Visitor: 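If you scroll down you'll find the structure; I have some questions about it.
Note on naming: letters A, B, ... go to the chains in the order of the sequence lines (proteins, then strands), and numbering restarts at 1 for each one. Atoms considered below: every heavy atom in the structure, side chains included; atoms not considered: hydrogens, waters and symmetry mates. A quick note: this is a predicted structure, and the numbers were derived from the prediction, not measured.
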Amino acid sequence: MFKIASWNVNSLRVRLPHVLDWLNTAQPDVLALQETKVTDEDFPIMDFQEIGYHAVFSGQKTYNGVATISKSPSSTVSTKLPGLDDPQKRVLATNHDDILVLNLYVPNGNAVGTEKYEYKLDWLSHLIDYTRSLVTEYPNCILLGDFNIAPTDDDVHDPAEWEGKILCSEKERAAFNDLILTGLTDCFRLFSGHTVNYSWWDYRTAAFRRNRGLRIDHILATSTLSSGCKKCWIDIDPRRLERPSDHTPVVAEFT
DNA sequence: ATGGTAGTTCAACTA
């Protein structure tokens, strides 16, 4: 059994106690973190080592930053998208036995039509090209992270309110679909009857209390892996804690 | 149509 999870923690410094508690309880083999907002020299390696986990990371000050925590030591394959010269730390590819794990913090995009939106679409285009080569080289691939895209209206609390807006626009959804078409499966949608359907609730407007959420954090796997996916769910518990991240973990188990 | 909260950093940016 291989258990993997993704969690945008919105500052690892602030959320470290939540993350350590969650690791101790959930005991995943791999946890992909996004928005660590910590430089590599300041990364709290020891806190993870003390509870039996290794860590690799690609971080920066103030914004972005990704880290992949794992029970077995892993090696970094890449920290960038080929062909994209980008100072923003949003990508971390690592090897875990025979599985290539690509931890992603996709740009938010701010609003449709803005410069940040164009950056997001360009970033996604480079991700799709990179994924096409990865799935060729590695039969067992898992892409996971904060994709900042709700793939369909089923992933949105109020589709009418969000229609055409950032995280839900046609071009973002088309890019997500193109990514899937490289040979990936959205593991969450292998199963029906989920009790928790969203992975992110805006801090503003009391969105969590009213369950006004979106499913924008995903675990995507190549067919050799997804055919052995036994469970995939969103763990709402960390979102209920004091001073939570605005995201909560998405988890998958494979045979 | 605007602003609401949170994190980093200390005025303003990102989300």
Side-chain angles (χ1 to χ4, degrees), chain A residues 6-22 31-44 47 57-67 81 84 86-92 103-124 127 144-151 155-169 171-173 175-176 198-218 234 236-250:
Chain A
S6 175
W7 192 3
N8 178 325
V9 291
N10 185 22
S11 169
L12 183 57
R13 220 182 297 273
V14 172
R15 233 64 68 189
L16 187 59
H18 290 187
V19 174
L20 295 174
D21 283 352
W22 192 83
L31 172 61
L33 301 173
Q34 303 87 35
E35 279 203 272
T36 55
K37 301 185 179 180
V38 68
T39 59
D40 291 351
E41 55 199 19
D42 286 339
F43 195 92
D47 294 272
F57 33 80
S58 178
Q60 65 182 97
K61 219 160 96 95
T62 314
Y63 303 120
N64 310 312
V66 284
L81 298 177
L84 189 71
D86 189 359
Q88 301 190 29
K89 305 298 189 186
R90 301 177 172 277
V91 174
L92 184 54
N103 178 1
L104 299 167
Y105 176 43
V106 176
N108 170 279
N110 181 244
V112 173
T114 63
E115 203 172 289
K116 290 194 179 72
Y117 182 69
E118 295 305 321
Y119 163 65
K120 179 179 194 174
L121 295 177
D122 184 52
W123 197 96
L124 286 165
L127 172 64
L144 78 173
D146 177 0
F147 286 76
N148 269 314
I149 300 172
D155 304 305
V156 182
H157 68 91
D158 186 344
E161 180 185 324
W162 282 85
E163 191 184 355
K165 300 245 172 70
I166 198 68
L167 313 181
C168 300
S169 75
K171 284 180 176 175
E172 290 165 88
R173 285 179 170 177
F176 187 86
Y198 311 130
S199 65
W200 169 80
W201 298 260
D202 201 314
Y203 284 125
R204 299 164 288 189
T205 66
F208 184 61
R209 182 175 58 73
R210 299 192 282 161
N211 197 24
R212 295 168 59 82
L214 271 68
R215 189 176 71 95
I216 57 176
D217 301 87
H218 308 295
I234 295 166
I236 203 169
D237 289 346
R239 192 62 177 79
R240 298 189 196 281
L241 298 171
E242 284 291 318
R243 223 182 164 195
S245 168
D246 46 351
H247 297 250
T248 206
V250 52

Visitor: Knowing that exactly one of V66(A), D40(A), T39(A), V38(A) qualifies, which makes a side chain to side chain contact (heavy atoms under 4.5 Å, CB included) with F57(A)?
Guide: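 The passing option is D40(A).
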
Visitor: Could you run down the sub-3.5 Å N/O contacts of the protein with nucleotides 2-4 of chain B?
Guide:
from, atom 1, to, atom 2, distance (Å)
dG4(B), O6, R204(A), NH1, 3.2

Visitor: Does S11(A) reach the main-chain N or O of K37(A) with its side chain, forming a donor-acceptor pair under 3.5 Å?
Guide: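 Pair absent, no side-chain N/O of S11(A) close to backbone of K37(A).
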
Visitor: Using whole Å, report how far NZ of K37(A) lies from P of dG7(B).
Guide: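 Rounding to the nearest Å, NZ of K37(A) and P of dG7(B) are 8 Å apart.
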
Visitor: Rounding to a whole Å, what distance do you find between E35(A):CD and dT8(B):P?
Guide: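 Checked: the CD to P distance equals 10 Å.
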
Visitor: Determine whether a donor-acceptor pair (N or O, by modelled atom type, separation under 3.5 Å) exists between the side chain of N103(A) and the backbone of A67(A).
Guide: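 Yes; at least one donor-acceptor contact below 3.5 Å.
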
Visitor: Just wondering, do E35(A) and Y105(A) contact through their side chains at under 4.5 Å, heavy atoms?
Guide: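 With C-beta onward as the side chain, the pair touches.
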
Visitor: Hey, does the side chain of R15(A) come within less than 4.0 Å of dG7(B)'s phosphate (OP1/OP2), counting only N and O?
Guide: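 The answer is yes; a side-chain N or O of R15(A) sits under 4.0 Å from OP1 or OP2.
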
Visitor: D202(A) CG to dA6(B) P: how many Å, rounded?
Guide: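 Computing the D202(A):CG to dA6(B):P distance gives 10 Å.
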
Visitor: Using whole Å, report how far OH of Y63(A) lies from P of dA6(B).
Guide: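 It is 18 Å, rounded to the nearest whole Å.
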
Visitor: Expressed in angstrom and rounded to an integer, what is the separation of I166(A) atom CD1 from dT14(B) atom C1'?
Guide: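 After rounding, the gap between these two atoms is 13 Å.
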
Visitor: Tell me: CH2 of W200(A) to P of dG7(B), nearest whole Å?
Guide: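 Spelled out: CH2 on W200(A) to P on dG7(B) is 15 Å.
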
Visitor: With rounding to the closest Å, how many angstrom separate the C1' atoms on dA15(B) and dG3(B)?
Guide: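 Comparing C1' positions in dA15(B) and dG3(B) gives a spacing of 14 Å.
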
Visitor: Considering heavy-atom distances to DNA chain B, does Y203(A) or N110(A) have its closest nucleotide positioned more toward the 5' end?
Guide: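 Between the two, 5'-proximity favours Y203(A).
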
Visitor: May I ask you to evaluate whether K116(A) reaches the phosphate of dT14(B), defined as a side-chain N or O under 4.0 Å from OP1 or OP2?
Guide: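 Answer is yes, contact under 4.0 Å.
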
Visitor: Which of these nucleotides, dG7(B), dT14(B), dT8(B), is closest to any side-chain atom of R13(A)?
Guide: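 That would be dT8(B).
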
Visitor: Would you mind reading off the distance between N8(A) atom CG and dA6(B) atom C1', rounded to a whole angstrom?
Guide: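 So the CG-C1' distance, N8(A) to dA6(B), works out to 12 Å.
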
Visitor: Could you tell me how far dA6(B) sits from dT2(B) if I compare only their P atoms? Round to whole Å.
Guide: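 It works out to 23 Å between them.
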
Visitor: Measure from the side chain of N64(A), starting at C-beta and using heavy atoms only, and say which of dT8(B), dA15(B), dA6(B) lies closest.
Guide: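 Within the option list, the nearest is dA15(B).
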
Visitor: In terms of relative ring orientation, are H247(A) and W200(A) parallel, tilted or perpendicular, with 30° and 60° separating the classes?
Guide: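 Judged by the thresholds at 30° and 60°, the geometry between H247(A) and W200(A) is tilted.
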
Visitor: Just how far, in rounded Å, is P of dA6(B) from CG of L241(A)?
Guide: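 Roughly 15 Å, once rounded to whole Å.
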
Visitor: Indicate, with a heavy-atom threshold strictly under 4.0 Å, whether R90(A) touches base, sugar-phosphate, or nothing.
Guide: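 Result for R90(A) = sugar-phosphate.
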
Visitor: V91(A) and W123(A): side-chain contact (heavy atoms from CB on, under 4.5 Å), yes or no, with the steps?
Guide: CA-CA 11 Å; V91(A) 174; W123(A) 197 96; 3.6 Å; yes

Visitor: Looking at every non-hydrogen atom in both residues, tell me the closest pair between L104(A) and Q34(A) and how far apart they are.
Guide: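 Scanning both residues, the minimum pair turns out to be O-CG, 3.4 Å.
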
Visitor: Need to verify one output field. Residue with the more 5' nearest nucleotide on DNA chain B, N10(A) or Y105(A)?
Guide: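 Comparing both residues, the 5'-ward one is N10(A).
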
